[in-house]
Structure formats: structure tokens, C-alpha cells
Number of protein chains: 2
Amino acid sequence: MTLKKDITIYDIASKLELSSSTVSRALRNNPSISKKTIDKIQKAAKEMGYRPNKLAASLRGNKTKTIGVLISKIERPFLSSLISGIEVKAQESGYNVIIAQSHDSYEDEVNLAKTLYSNRVSGVICSLAMDTKDTSHFQQFIDKGIPLVFVDRVPRDFNTFLVMIDNFSAGYKATKHLIEQGCKRIAHFTGSQLRYIYSERKRGYIAALKDYNLPLDESLICYFDNLSYKEGEKITTELLSRENPPDGIFATNDTSAVAAIKAAKKMNVKIPEDLAIIGFNDDPIATIIEPQLSTGTHPAVKMGVISATKVLEYLKKPKNQDFMEITLLNTDIIVRESSKRK
Amino acid sequence: MTLKKDITIYDIASKLELSSSTVSRALRNNPSISKKTIDKIQKAAKEMGYRPNKLAASLRGNKTKTIGVLISKIERPFLSSLISGIEVKAQESGYNVIIAQSHDSYEDEVNLAKTLYSNRVSGVICSLAMDTKDTSHFQQFIDKGIPLVFVDRVPRDFNTFLVMIDNFSAGYKATKHLIEQGCKRIAHFTGSQLRYIYSERKRGYIAALKDYNLPLDESLICYFDNLSYKEGEKITTELLSRENPPDGIFATNDTSAVAAIKAAKKMNVKIPEDLAIIGFNDDPIATIIEPQLSTGTHPAVKMGVISATKVLEYLKKPKNQDFMEITLLNTDIIVRESSKRK
DNA sequence: TTGTAAGCGTTATCAA
DNA sequence: TTGATAACGCTTACAA
């Protein structure tokens, strides 16, 4: 097996009888090099099959042009779209994206943060694991001036960039919509209250009930462990078996909402007449289920692009990072069959 | 903004009055260093907050411990699961995963391959863009002894690792299943015939028809551009409007199959009685649609793990890479409501 | 068991 | 406009 050797700037330099620094500059179109030399060098580089060694450049410049993305699970539609947005934006600017999945484990998240650091990523974009309380493992990035963006599942108390939707308003809108459809007893599916996004949506839910003079029944607030389909089925079945079942459900994700639809149908509960349901995220399943699921939009790709943009902008002109910049995106309710009573 | 300086092995060395090489070795538990020294060094490293600079190590060792993944779009459930499998396996072995999306564009694929090369990835795992004909942009990896694995959408004529399911058999089984349900006129939704996976499934479909003495009606083979929901809707509607419509559909992906179900329902065609449908991939939507979609399994996570394993094994003991190693995974038919007539 | 020194491929500084 | 040289932080012969 004879491997082709890597061509370096030295190879080009010696072939053209120039110095390596001239070659280096020419390849980056440095204006101090004459047009003629630049052309000659770039031509030779192409012919010889030169490929810059980004490793060496990174080491030298102490910047990797790499964005580390730390999320729970790629398979979640919201997260894969988020990554897609990040990747597109990063690519545009010549940055690479490296992916790390915490699988919603705090320990993994801590270790992966270390790994990203060791890899000297230029910036980090993170959506927290479900049960992360302590976020001190992110301090290392701040200490080094590495831009850090939390997206969607953000911590409550960390001074950095946050990108998320207006979750309070989202919860409020979704609940208001159900109220407008005539719902009087609205259940709410929520996730870990450590996660701001869930507690805020819940707060929006509560505020809407209050504004419309509906009593708050704590027993209708269902705290999920992982917002899975299975959990959604189980809890819906339980809810609908009660003496005084709800007539509406605002689920904080589509997976549990779809499970609710299926469970309700199995129990012959009419949707939306007897039970109006709205989810959140607008996952692909929302339009597949019958009746189609009303939901709140969660602009994943856009959030990815914005997150990456924050990182890239910061890298261009770093500021004191002892601040918090929150980007709140608007969210809309998409009304589909599962909640449309009129 | 005062940034913490990076601690290097030199900092540790001078603090402990040792040499940098001793520190370097101790940090990697090199047996030639005394237990006592190792402990002392590792303790100091921890206290001082040392983080290895992988960049420097990579440059020195000319290996990055990074696997480049080149795929069309992360959002596809099959691909995000594939990546997940790759990431988990890579993580285990201390490798990073960098993601590049071609968005099914041949030009992007060529450029991204270059970028991955410039980043000196240790290995590459790729699922081709829909319309990639020429695969010479991958030769650079072979020339350098960088392990290259094609997964799922593989080229026809490239000597390297291939990981895929037995697509011929998959197509055969799916078709056979429909025949066994009594279908006589089975339509087939297929993708670009440049992609082996689609042409092989089609070959399986044709072989099954032949084995069961059903005539092959070329007009029932539908060539899709992108296998999207929209395309599926349109083509199904057209098919069912014919004088002599099909009584079964074998769709090469679930998206188009689900679209077919929806379109058929809209036209009051009974599923599975009048039209039995089977898809492929077992995407999440398959169990959400009603009737639930029969489909062929596509073990994405497993394929990811295997692909990563091939890369890692090769890196452990490189061989002559002028060979082809095909890993064919088995696939099963999951019979659900959309095709179960008895 | 530990130390010295060279080198990985760039880029930046200074000098010519 | 170009060249010589040092440096980025690590690993690894080779020497002690």
C-alpha cells in the first residue's frame, strides 16, 4: 500500500524556489505578494494537489473554526433541524460542526463539555439535558472567552447567549386557544421543571386560565419524566378515566400530544368535541395523525442559524462576556383539526 | 476581559520540576513512568486545570481522532438515527464526529469531501447525494489510506467498505408480502436509479412478481425525484385515477407510502382491502398514520455503529485498501394494518 | 525511570 | 515584495 504523501507549503516552495512564507501568504491572497507570484503559486498548488492542513493552522492560530454542538439526542426532530440550521450557517463561514449527544445524561454532558474544550472548539451551542441542574461545566468556556450559546433548553442562571422562543407567550397562546374553543378543564402535559422552557410554558398556561377566569386545578397538571409517547398514552388514559376528566389538553410536545389523541380515540373520546388537543413543536407526525394535531411552531432551523450567527459574530468581535443576551423568537399557534371546534 | 491562560504540559513540568516528556507520558499512563510520578503529575494536572490540546497531539501524530460524516440531510429520520449510532460508537473510542450535509447536491458533496480532507479526518462515512454519478472525489481518502465507508446510498463501483441492507431481498420480501395478501397489480415507488439501494429494491420487486407469475406492468413503476410527501400524494392520486388502478403499492420509503395512504383515503379507496400498502424504513410516522403502515425495517442506528466500527477497526490495523468489503444487514417486514388483509 | 531535542505544517514577526 | 526564523503544544526517538 503506497500512500500519497501530503503536499505541504514547503513542497510548493521548494518546487518554485520560493520561501514557505511566501507560499503561505500567496495561498491566502495576501496583498503584499505580487499578483504574478500569487498566480504562480496557486497554480502550482492546484497541480500538486495541495490541501491545507487545518490542524497546523489551527494550532498556530489557536482557533479551530469548529463549533461544538452539545444536545440530548439527534433523533428528536427539533434537534436535528436545529443542527441542520447550525451546520448550514457554519458551513457558509468555513466552520465545521462537531456533534455530541448527552442522551439526556448529566454526566455525559459534563464529559462531553470537557471533550469539546479539549478539542479547542471555537464556540459551543448547547441544549441542556433534561435533568441538568448545575451548569458549572460550562464555565470553562466563558473563562476562555469561547462563545457559548444555550438554545431552547437553557439554564436559568447563566450569563451568556440564550436563544429560545417566548415560552411563556407560547403557553399562554396555546391555552387561550383552547379556552376560545370552549374548553373549561384544560390539562397540561409538562416536562422537568428544571427546564425553563417547560416551566415557562406552564406559567403561560396558568396565566391564561387566570385571565379567563378558569379555576386552576393542580391535578390537571401532569409532570412527565421524558415526554415520551408511552408516557403520553398512560397519562391520557388515566386522565380520561377520572370522574371529572379534562375537556382539553395542552401538551408541551407533539409526541405526547399524539399519544393523547391515540389514547383518547381508543377510549372513544371524540376529538375535538369532547377533548380538544394542542401540542407543541410541529413535528412531522403532527400532520400525519388524524385528526391532525394543532400545535405551536418551534422554528428549529431558524434557531440553529441564529445560534450559529451569535457564535460567529462574537468570534469576529469578542466583547466582555459577562452579560446575557436573550433572543426570544416568536411562536405561532397552528390550528388544525384536533382543536378546531368551530 | 481577562481570560484564563491555557495550562500546558510545560506549566505542569516546571511546577513539578520535571520534563515535559515525563509529564506527557505520565498523563497517558505510560508504564515507563513510576507510579509515584504518575500520581503526582495527574494530581497536579487536575489541580491546575490542565486540558490536553488535542490539536497539538493531532498535528504531531498526524491523526485527528475525528470521523467525518457526509450525508444528505440530518433531518431524515434514517440519517439522524444513523448519525446517532456513529456518534455513540465514536464517543466510546474517544473519537469525534463532524457532520457535513450535502443537501443532496453533488457540488456540495464534492466540496465537503475536500473540507473533510483538509480537516484531516481519520475516517469518512458517507451516504451519497441522490444524484451523485461520479465518485472520484472520494479517491483522495483512499490515496491517503483514510478508511472510507459508504452506507445505505452506496456507489456501484468503488472499492471500499459498504454497509447496507440486503436491498434486493428487502424489495423481494415486501413485494412477496403484498402478493400473499392477494395483490395482483402492485405499483412500486422508486427513487433515482443511480442509487443502488433503489434499483436493487426494484429488482427484488420485479423478481418477486416473476416468481409468482404476475405480469410486470412498467406503467406501475413510478420513478420519484425525491421521494417526498408531495410527490407521493400526486403520484398516488394519478395512479388511482387510472382505468386500471393498482391494488397494492410497495413504496421504497415511508414518506411516500404515508402520502399514498392519505391520498387513497381522500379518494375513498379502502386500505388494505382495495389497496394494500407497504413502505420502507419504519420511520416514526409509520405507527402514527391510520391505518398503521406496514414497512421494511432499516436498522439505522445499527448501521451507524457498524460503519463507525469499520472505520475504527481499519485505523487499528490498516490493510491494503484495494478491496471491497460489503456488510449486508438483514431486513424484516413489519406487517401492520395497511397491508394485512387476513 | 527520566530528560533532551526534533518535528508535525502552519502563520506571524522581523528583517532584507 | 520576499525570506528566515520562531512559535503553537504535543509526542517520540534517542540518550542519560
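Below, chain A is the first sequence line, B the second, and so on; all start at residue 1. The figures that follow rest on heavy atoms only: side chains count, while hydrogens, waters and symmetry mates do not.
Shown for residues 8-16 of chain B: no residue has heavy atoms falling under 4.0 angstrom of DNA chain C. For the segment residues 42-54 of chain B, residues with any heavy atom less than 4.0 angstrom from an atom of DNA chain D are, sorted by number, Tyr50(B), Pro52(B), Asn53(B). Of all the residues in residues 117-124 of chain B, not one reaches under 4.0 Å from DNA chain C with any non-hydrogen atom.
A close approach under 4.0 Å does occur between a side-chain nitrogen or oxygen of Thr22(B) and OP1 or OP2 of dG3(C). For Ser34(A), a side-chain nitrogen or oxygen approaches OP1 or OP2 of dT2(D) to under 4.0 Å. A sub-4.0 Å separation between OP1 or OP2 of dT2(C) and a side-chain N or O of Ser19(B) is absent. Applying the 4.0 Å criterion to OP1 and OP2 of dT2(D), one finds that Thr37(A) has a side-chain N or O inside that range.
Atoms CG (Asp6(B)) and P (dA7(D)) sit 18 Å apart, rounded to a whole Å.
The main-chain N or O of Pro77(B) is found under 3.5 Å from a side-chain atom of Ser81(B) such that the two form a donor-acceptor pair. Between the side chain of Arg195(A) and the backbone N or O of Ala129(A), at least one donor-acceptor pair lies under 3.5 Å.
Side-chain N/O atoms of Asn53(B) and Asp6(B) include no donor and acceptor closer than 3.5 Å.
Listed nucleotides: dT11(D), dT11(C), dT2(C). Nearest to the side chain of Leu18(B): dT2(C). Here dT12(D) is the nucleotide among dT2(C), dT12(D), dA7(D) with the atom lying nearest to any side-chain atom of Arg28(B).
For residues 82-132 of chain A, the pairs satisfying ring-ring contact (aromatic ring centres under 6.0 Å, His included) are Tyr106(A)-His137(A), with sequence neighbours left out.
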Set out, line by line, the N/O atom pairs under 3.5 Å between protein and nucleotides 13-16 of chain C.
unit_1: dT13(C); atom_1: O4; unit_2: Arg25(A); atom_2: NH1; d: 3.3

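Within a 6.0 Å radius of NZ in Lys73(A), more than 12 heavy atoms belonging to other residues, nucleotides or ligands are found.
Annotation: the terminal axes of the helix from dT1(C)-dA16(D) to dA16(C)-dT1(D) meet at 40°, where each axis is the rotation carrying the C1' atoms of four end pairs onto the next four (5 pairs per end, rounded to 10°).
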